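A, B, ... follow the sequence lines: proteins, then strands. Residue 1 opens every chain. These figures come from a predicted structure and were not determined experimentally.
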Number of protein chains: 2
Amino acid sequence: MKQKQPATVGACARRSTGPKPQHSREKIAQAAVELADREGIGAVSIRGVAAEIGSGAASLYRYVDSVEELVDLMIDQVSSGYELNGLDGSASEQLLALARQGRNIMHRHPWVAPLLLAKRALGPHTLAYLERGLAALQFTALTGAAKLQTIAMLTAITSAFVQNEQGEPAGDGDGKGAAALIWALGTGKYPLLAESLAQGPASVDQDQVFATLVTTYLRGAGLD
Amino acid sequence: MKQKQPATVGACARRSTGPKPQHSREKIAQAAVELADREGIGAVSIRGVAAEIGSGAASLYRYVDSVEELVDLMIDQVSSGYELNGLDGSASEQLLALARQGRNIMHRHPWVAPLLLAKRALGPHTLAYLERGLAALQFTALTGAAKLQTIAMLTAITSAFVQNEQGEPAGDGDGKGAAALIWALGTGKYPLLAESLAQGPASVDQDQVFATLVTTYLRGAGLD
DNA sequence: CTTAATTGCGAACGATGATCGCAATTAAGT
DNA sequence: ACTTAATTGCGATCATCGTTCGCAATTAAG
């Protein structure tokens, strides 16, 4: 049972004997993020990241327990992009600012949105983001569980919104889904869908739509 | 280039020669859903479903192009559980009823929520659901794109909400994430998180919370 | 200098998605 | 009835993936 590198970066003095590690969890996560940005999340595998790092595949397991953990590290790495200081205003204003940052991050890293919807990573940066969100809710009447749910729903809404922005009608984007959609429309069984699609995309600036969406949700959650 | 069985079930008279297929896309999707319900989505693989069907693994490719398509079929199969007739009331009342049905479906099939967030399947049942949602929005002032986005966000919100219900704090549920969380709390760097978790779970009936959430969102989207 | 811990990693295992080719089956054409 | 062509089921196989094992190499402590 080894300790790996602890989940949090805290300076744990070298423990004892043996060669120093040639890599670090942070560098690995960074490389994995770059790889995903460049070639898509599908390129992120143990062997792929190992090649990116310039090491053998099995070596990665000295730093990471599983691929799942690798992905968690990637999410946390990306979450380090939040600027948590200098937010002011009301609770909903602060949360809107956080959500906007999240949306920007997901725009820079298109693979994040689906992952963030599917799993909850608990790295230090993610936790810091969560803590900051809770701070924004500090002086509200919400219970603890309600606060947590509010933030969870907020990031979920953000992810879903970004995912809507990214791939419009079809699922993947290779045209297969689109072809099926076209065919389905040809059957005439979905007239309203055809009509809705006939009008072009909304084209109005999504920033405004997003802000309205978030603000509305927060108001519904009981915030000013 | 074969035709497989067409995406929609329409009675396409047997095309020409050869033995009749021993299975059908519907039965396969059904079996896959049962398998996922029983042993989790992780058990759904080509070989797994083939075994469930009682056929060789390669045979499945006579009915399905890829695993992705299999999953799409599963989602559509599950979407056949919607009762789309007999909805009445205002636009938001109808959509709330649809969302409630969606939530129930996701409760019966816990693996659906994550999938529905990650991808958009376009099977006949899913399209029918979408068409029904558009019908609810028929006499509103929304543009076509806005209608589509409203429904997409509605199902996303539903999925996210159910996912919140299902796995509380940690990501997976094997205790690994929970352990990491416990440890992180011990550092004292996340006092607000600790405080929020200290109070027990909300325990109030989630039905009410869900209804409020959906209604609020719809009101924000410009509906009555 | 010995000892023990630790790293990097090639080799291997099991499982997966997917393809290929072939035998078996069935209907149409004559 | 016989041929022909299409179609099915599927064993065998390949590439790839996540993961484990064992060993040589490296380094610090005693």
- Send over the distance from Lys20(A) NZ to dA29(D) P, rounded to a whole Å. 11 Å
- Item | Distance test, side-chain N/O of Tyr63(B) to OP1/OP2 of dG9(D), below 4.0 Å | yes
- Message: Does the structure place the NZ or CZ of Arg103(A) under 6.0 Å from the centre of the six-membered ring of Phe210(A), at an angle of no more than 45° from the ring's axis?
- Response: yes
- Query: Side chains of Pro191(B) and Glu131(A): closer than 4.5 Å at any heavy-atom pair?
  - Reply: yes
- Task: Tell me the partner of dG8(C), counting only Watson-Crick (N1-N3 plus N6-O4 or O6-N4) or G-U wobble (N1-O2 and O6-N3) with both under 3.5 Å; none if nothing fits.
- Result: dC23(D)
- Query: Ile41(A) has an atom CD1; how far is it from atom P of dC17(D), in whole Å?
  - Reply: 13 Å
- Message: If the threshold is 4.0 Å, N to carboxylate O, is there a salt bridge linking Arg47(A) and Glu52(A)?
- Response: no
- Task: Under 4.0 Å between any heavy atoms, over every strand shown, what does Ser45(A) touch: base, sugar-phosphate, or nothing? Just pick one.
- Result: sugar-phosphate
- Candidate nucleotides dT7(C), dT19(D), dG17(C), ranked by approach to the side chain of Pro21(A) - the nearest: dT7(C)
- For DNA chain C, whose closest nucleotide is more 5', that of Ala43(B) or that of Ala57(A)? Ala57(A)
- Note on the structure: Rounded to whole Å, CD1 of Ile46(A) lies from C1' of dT19(D) at a distance of 8 Å
- Could you tell me whether Arg25(B) and Glu69(B) make a salt bridge, using a distance below 4.0 angstrom between a side-chain N and a carboxylate O? yes
- Note on the structure: Glu69(B) CD to dA18(C) P, in whole Å, measures 10 Å
- Task: Report yes if some heavy atom in the side chain of Met106(A) is under 4.5 Å from a heavy atom in the side chain of Val78(A); otherwise report no.
- Result: no
- Whole-Å distance between dT19(C) C1' and Leu60(B) CG? 15 Å
- Gln22(B) CD - dT7(D) P separation (whole Å): 17 Å
- Task: Rounded to the nearest angstrom, tell me the gap between atom CZ in Arg47(B) and atom P in dG9(D).
- Result: 18 Å
- Task: Could you work out which one of dG22(D), dT19(D), dT27(D) sits closest to the side chain of Arg62(A)?
- Result: dG22(D)
- Counter-base of dC2(D), judged by Watson-Crick or G-U geometry with both distances under 3.5 Å: dG29(C)
- Got a donor-acceptor pair under 3.5 Å from the side chain of Thr17(A) to the base of dA28(D)? no
- Atom pair distance, as rounded to whole Å: OH in Tyr61(A) and P in dC17(D): 11 Å
- Query: Contact class for Ser59(A) (heavy atom, under 4.0 Å): base, sugar-phosphate, or nothing?
  - Reply: base
